[in-house]
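To start, the structure under review is shown below, and the notes come after it.
Throughout, protein chains are lettered first and strands after them, A, B, ... in sequence-line order, and every chain is numbered starting at 1. The structure presented is a predicted model; accordingly, all values stated were derived computationally and were not measured.
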Protein chains: 2
Amino acid sequence: MSKIEDKCQQKGVRLTEQRRLIAKVMSQSSDHPDVDELHKRISKIDEKVSIATVYRTVKLFEESGIIEKHDFKGGKARYEQAPDIHHDHLIDVNTGEIVEFINEEIEKLQNEVAAKLGYKLVDHRLELYGIKTKKN
Amino acid sequence: MSKIEDKCQQKGVRLTEQRRLIAKVMSQSSDHPDVDELHKRISKIDEKVSIATVYRTVKLFEESGIIEKHDFKGGKARYEQAPDIHHDHLIDVNTGEIVEFINEEIEKLQNEVAAKLGYKLVDHRLELYGIKTKKN
DNA sequence: ATAATTGCAAATGCTTTGCTTGTGA
DNA sequence: TCACAAGCAAAGCATTTGCAATTAT
């Protein structure tokens with residue numbers, strides 16, 4: 001059973017054949033696929049699953065905290081399995097490649113900024129867009 | 001002449017009656033209006049300006065570096081006059097209110113993170129979402 | 001003059017939804 | 001059993017675009 005299936009049980013999310021399949025494909029994806037890409041991967045295993053179901057499921061999983069949704073610049077929403085430890089993303093503007101990173105210092109500063117402005121941080125978004133540095 | 005009109009001249013952006021009006025309304029807006037809101041404000045002065053023109057102009061201004069576009073979570077794109085010094089945003093998730101802030105430390109760390117990963121930073125997005133802290 | 005801009009409505013692209021049939025616990 | 005899920009096609013929403021008429025330089 002995939003980790004996502006596992007979480008569905010915990011959260012009381014009813015598992016259907018389609019959801020199991022979507023969970024499996026998400027589990028096996030180490031990148032950040034959009035719904036269309038996800039649907040393509042799923043269709044290779046079962047071409048009867050509709051894209052509407054993928055949309056509905058992905059939304060359900062997200063609302064249940066099972067997967068994470070990202071709206072990077074320029075385009076469609078992308079998804080990844082909810083990680084155990086939070087990370088942010090650097091997007092290669094040339095290739096679209098996504099690199100995950102963790103920086104405790106920045107996280108801390110964000111909280112400080114919010115506090116200083118009289119707010120409690122409930123969410124944040126940090127995305128870096130870059131181009132590869134030539135390595136000589 | 002508004003600061004935005006000024007920049008249009010510098011950048012060689014042809015000024016029409018509509019563009020002048022959009023520039024004026026943007027200049028007078030200290031918040032971060034979306035296209036619909038902008039169109040409403042414009043319509044109060046000239047109700048013949050179409051929303052398509054607002055979309056086109058706002059895009060043109062953005063591509064010319066005259067205004068900035070922000071895709072905050074949940075909704076439509078919002079715009080503000082391009083600031084002289086870069087700032088980021090904190091969004092009050094209850095009221096939608098937007099607070100601008102500057103934090104050099106975070107900016108520096110972002111560059112360091114990118115460099116460490118072998119990238120040169122070309123753009124970034126930092127948004128904090130918070131709720132007001134009760135002040136007793 | 002004439003290349004660029006506007007207004008309008010139609011088209012787009014991603015995402016959601018109503019409805020009927022199918023199905024998991 | 002029976003509330004919930006899936007498939008399909010239609011609808012939604014923000015945004016873009018084709019085209020004919022208008023305008024800035």
If you apply the rule side chain to side chain contact (heavy atoms under 4.5 Å, CB included), what do you find for B:Ser29 with B:Arg41, and how did you get there?
CA-CA 10 Å; B:Ser29 300; B:Arg41 294 180 192 177; 2.8 Å; yes

What do the steps show when you test A:Glu80 against A:His89 for side chain to side chain contact (heavy atoms under 4.5 Å, CB included), and what is the final call?
CA-CA 12 Å; A:Glu80 70 174 316; A:His89 302 86; 3.0 Å; yes

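We find that OH of A:Tyr55 is positioned 13 Å from C1' of D:dG12, with the value rounded to whole Å.
Applying the side chain to side chain contact (heavy atoms under 4.5 Å, CB included) rule to B:Tyr55 yields the partners B:Val35, B:Ile51; only residues at least two apart in sequence or on another chain are considered. Residues passing the side chain to side chain donor-acceptor pair (under 3.5 Å) test with A:Lys48, sequence neighbours excluded: A:Asp46. Shown here are the side chain to side chain donor-acceptor pair (under 3.5 Å) partners of B:Thr95, two or more places apart in sequence or in another chain: B:Asp92. In this structure, the side chain to side chain contact (heavy atoms under 4.5 Å, CB included) partners of A:Gln81, at least two apart in sequence or on a different chain, are A:Lys3, A:Ile4, A:Ser27. Applying the side chain to side chain donor-acceptor pair (under 3.5 Å) rule to A:Glu97 yields the partners A:Lys132; only residues at least two apart in sequence or on another chain are considered. Residues satisfying the side chain to side chain contact (heavy atoms under 4.5 Å, CB included) test with A:Glu63, not counting sequence neighbours, are A:Lys59.
Side-chain atoms of B:Glu107 and B:His86 form a donor-acceptor pair, as typed in the model, at a separation below 3.5 Å.
A:Val93 places none of its side-chain heavy atoms less than 4.5 Å from the side chain of B:Tyr119.
Each end of the helix from C:dA1-D:dT25 to C:dA25-D:dT1 gets its own axis, taken as the rotation carrying the C1' atoms of four end pairs onto the next four within a five-pair window, and the two axes meet at 40° to the nearest 10 degrees.
The line from OG1 of B:Thr53 to CD1 of B:Ile22 is 6.5 Å long, rounded to the nearest 0.5 Å. The CG atom of B:Asn103 lies 10.5 Å from the NZ atom of B:Lys108; values are rounded to the nearest 0.5 Å. Remark: B:Thr57 OG1 to B:Leu38 CG distance equals 9.5 Å, nearest 0.5 Å.
Here the range on DNA chain C touched by chain A, meaning any atom under 4.0 Å from one of its heavy atoms, is C:dC14 to C:dA25.
A heavy-atom distance below 4.0 Å to DNA chain C is reached by these residues of residues 21-51 of chain B, ordered by number: B:Lys48, B:Val49, B:Ser50. Of all the residues in residues 59-69 of chain A, not one reaches under 4.0 Å from DNA chain D with any non-hydrogen atom.
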Sugar-phosphate atoms are those with a prime plus P, OP1 and OP2; base atoms are the rest. Using that split, label each nucleotide of nucleotides 18-25 of chain D B, S or - for protein heavy atoms under 4.0 Å, 5' to 3'.
B-----SS

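Residue B:Ile102 belongs to a hydrophobic cluster whose other members are B:Ile85, with links defined by side-chain heavy atoms closer than 4.5 Å.
Residue B:His32 forms a side chain to side chain donor-acceptor pair (under 3.5 Å) with just one option from B:Lys69, B:Glu100, B:Glu37, and that option is B:Glu100.
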